[in-house]
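Shown next, in structure tokens, is the structure this report addresses.
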Amino acid sequence: MSTSTDIDTGYADEADQVSIWDRIGRPVAPFAWPLVLAGAVILAAGCFLSWSYTSDVLGNLTIDFYPGAIQNLMIIAAILAVLFALMYHGPLSRLGEWLASATALRTLGLGSTVFMALVIALIGLQSGGLINVMPGAWVSLVGAVLLLVGAAGLTPRASRDPLHAHLPAWLDILTIVVLLAIVLFGAAYVLDIEDGTVFSLVVLFTGLVAYTLTRAGFFTWVGIVAQTHRRVLMLGAVAVAFLFPFTQDGSDANMSIATQVLIFASTALGLNIVVGLAGLLDLGYIAFLGAGAYIGAMFSHSAFATIGWKPNFLVVVVIGALVSATLGLIIGSPTLRVSGDYLAIVTLAFGEIFRLAMGNLDGQDGPKLTNGPNGIPAIPDLEIGGFSFGETHEVLGITLGRFANYYFLLLLLAAFIITVFTRLNDSRIGRGWIAIREDEKAAEAMGVNTFGLKLFAFAGGAFLAGMAGTIKAHHDVSVTPDQYIFLESAFLLAAVVLGGMGTVAGVLIGATILKLMPEKLRFVADYRLLIFGLLLVLMMRFRPEGIVASKRRQLEFHEEDEELADRVEEVHLVEEQEAKA
């Protein structure tokens, strides 16, 4: 087996993705490919038999020929295995020229085996012993093992560069539509899962599938398609976000989680300006969200509000954003001349000062603005233009409750923040921030106004957080100082780092993970911080650039991607020239 590189494309073949042992040139075992197909069939067949003797374990897995949620996951794994096997040898072999099918089968086989072993162990633990594991589970485990053994016998083949996989535009667009539809209905399905253990297994399986497709090179091609059809992708993403409430069948519980995710994500996007672009470590950012929330509460129609003037809510949003931005200027002006650990300490102190100050503005220790530790409760729902956000509405026969109303409002806010972020990122200001992040001394030597840009980053990020805070006050019904503790700032920072600093999609994914997991994993609430810490350690070890890495950070952590990025740019230039011609 040759491990040479395609001279025309510079793209390493599939053999470069596997171990040294696989590169020495062993032939394909004659049983390998049939064994892969047999393993996939047996894996799926076992899913149509009962897995558990008791019905209260991992959902109901006791009914023959009626697969439960976990069994459906393994059926999906079997289907993927068959598709990759046919790509390796069969009618789909043309696709196998672009995707690393053998590598994908090995990953899928190993993941399915581990997954089935984990499911069997959980059934035994929750039902009182392995004797309660029914034959169907063992059949599927055998199928997964056969899949793994067969995949291990396949010799990786050279893969062509996905950059040159020119497909019809309609097929590219169809791929985007299908993937977005999977995201929409997959999110609705995951939110409907109430069992924390089942939810964890679904998330684990999703990660397995994503990693398998990544190893196959599928997401490299999807990334090229997304770059080629940016407008289609953007329009589709907006449509998915807008249609999401219509998939919840009026569920206030799920929409409550969705609105909390949007508030958290909108705030994290503002922090992304400070941390992701300018490279400033802010550990007190939650104070800016709190400032906006208190402004929204003080100007509300609550009986406990401390300001008699009741302007239009849009005016309140602007006031809350300006107050937060002013606080950003106040804290930034004297402290942004320091950096690194010193800046982190100062911002941490500012967050604590804000929380304590809000607890003292009770009319005794200071002006009566926040009612001290009691906060401002009983904040009424918003009413904008006669539309009440607290009432239930019917749209196309689908009930949209209170949280769905706030969801749409927060969706508009998130769209505004994303637009501001992307515009700033692509502007001279954004390039100045990135120069400061990479090397402040060099940027200053080149004439960049480092202090002014850092101060603008602080004020701009605070402005966006203040806007989110004014809506949060009405969404949460009350505002108290203990809502804005240091731990919230830490989670915001973690969302930016986990998702990918300097990116929009990454921060949205990071915020969703960190806000959704605690809601669905309440059965391990005592170990939440432990799991959170382990997750960050693993991310820093295996993917320090985040789930969705920006181009700059991806090149920083993976120098070999520089050639890939250059060739992507070359392909785009060629396509633009062809379009002009």
Side-chain angles (χ1 to χ4, degrees), residues 76 79-80 83-84 87 92 94-101 104 159-191 206-247 258 261-262 265 269 411 414-415 418-419 421-422 425-426 499-500 503-513 546-551 554 561 564-565 567-576 578-579:
I76 294 174
I79 293 173
L80 284 176
L83 290 176
F84 280 118
M87 291 179 196
L92 300 180
R94 291 292 299 274
L95 287 176
E97 296 178 3
W98 307 100
L99 298 178
S101 53
S159 300
R160 299 174 65 185
D161 193 340
L163 288 172
H164 299 277
H166 293 292
L167 298 177
W170 67 267
L171 186 57
D172 290 344
I173 295 175
L174 179 62
T175 302
I176 293 175
V177 172
V178 170
L179 290 177
L180 290 175
I182 292 175
V183 170
L184 174 62
F185 293 104
Y189 173 76
V190 169
L191 278 177
T206 303
L208 167 63
V209 172
Y211 184 65
T212 299
L213 295 177
T214 300
R215 294 280 290 166
F218 175 76
F219 286 119
T220 300
W221 174 68
V222 170
I224 298 168
V225 171
Q227 288 293 324
T228 306
H229 304 280
R230 294 190 190 99
R231 294 182 179 179
V232 175
L233 177 63
M234 187 177 301
L235 181 62
V238 171
V240 166
F242 178 81
L243 292 174
F244 175 75
F246 295 95
T247 65
V261 168
L262 276 180
L269 284 170
L411 203 59
I418 290 172
T419 302
F421 179 87
T422 53
N425 190 20
D426 296 334
T503 66
V504 172
V507 173
L508 292 176
I509 293 174
T512 302
I513 292 174
I547 296 175
V548 180
S550 66
K551 292 181 180 179
Q554 192 171 18
D561 289 337
L564 177 61
R567 288 185 290 113
V568 171
E569 188 65 27
E570 291 175 4
V571 171
H572 288 164
L573 290 175
V574 171
E575 290 177 348
E576 290 177 1
E578 292 177 351

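Residue indices begin at 1 and follow the sequence shown. Side chains included, hydrogens not; waters and symmetry mates left out as well; all remaining heavy atoms used.
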About how many Å separate CG of Asn425 and OG1 of Thr503, when rounded to the nearest 0.5 Å? 9.5 Å
Between Phe244 and Ala187, the two heavy atoms sitting closest are CE1-CB, 4.2 Å
Which atom names give the shortest non-hydrogen contact between Ala104 and Ala216, and what distance separates them? CB-CB, 3.7 Å
Enter the distance from Leu208:CG to Leu213:CG here, rounded to the nearest 0.5 Å. 9.0 Å
Which atom names give the shortest non-hydrogen contact between Gly500 and Val507, and what distance separates them? O-CG2, 4.0 Å
Return the CZ to OG1 distance between Phe84 and Thr212, rounded to the nearest 0.5 Å. 7.0 Å
Taking all atoms of both residues into account, what is the closest heavy-atom pair of Ala100 and Arg215, and its distance? CB-O, 3.8 Å
Closest heavy-atom pair, Ala210 versus Phe219, reported as atoms and distance to 0.1 Å, is O-CE1, 3.4 Å
What distance separates Thr220 OG1 from Leu99 CG, expressed to the nearest 0.5 Å? 9.5 Å
Among Thr175, Ile176, Val183, whose side-chain contact (heavy atoms from CB on, under 4.5 Å) with Leu179 holds? Thr175
Could you check if a side-chain atom of Leu269 sits within less than 4.5 angstrom of a side-chain atom of Leu508, using non-hydrogen atoms only? yes
Can you check whether Ile418 reaches Phe421 side chain to side chain, under 4.5 Å on heavy atoms? no
Within this structure, what is the CG-CD1 distance for the pair Asp172 and Ile224, rounded to the nearest 0.5 Å? 10.0 Å
Let me confirm one number: the CD1-CZ distance from Ile173 to Arg231, rounded to the nearest 0.5 Å. 12.5 Å
Sequence-distant partners of Phe185, ring-ring contact (aromatic ring centres under 6.0 Å, His included), two or more places apart: none
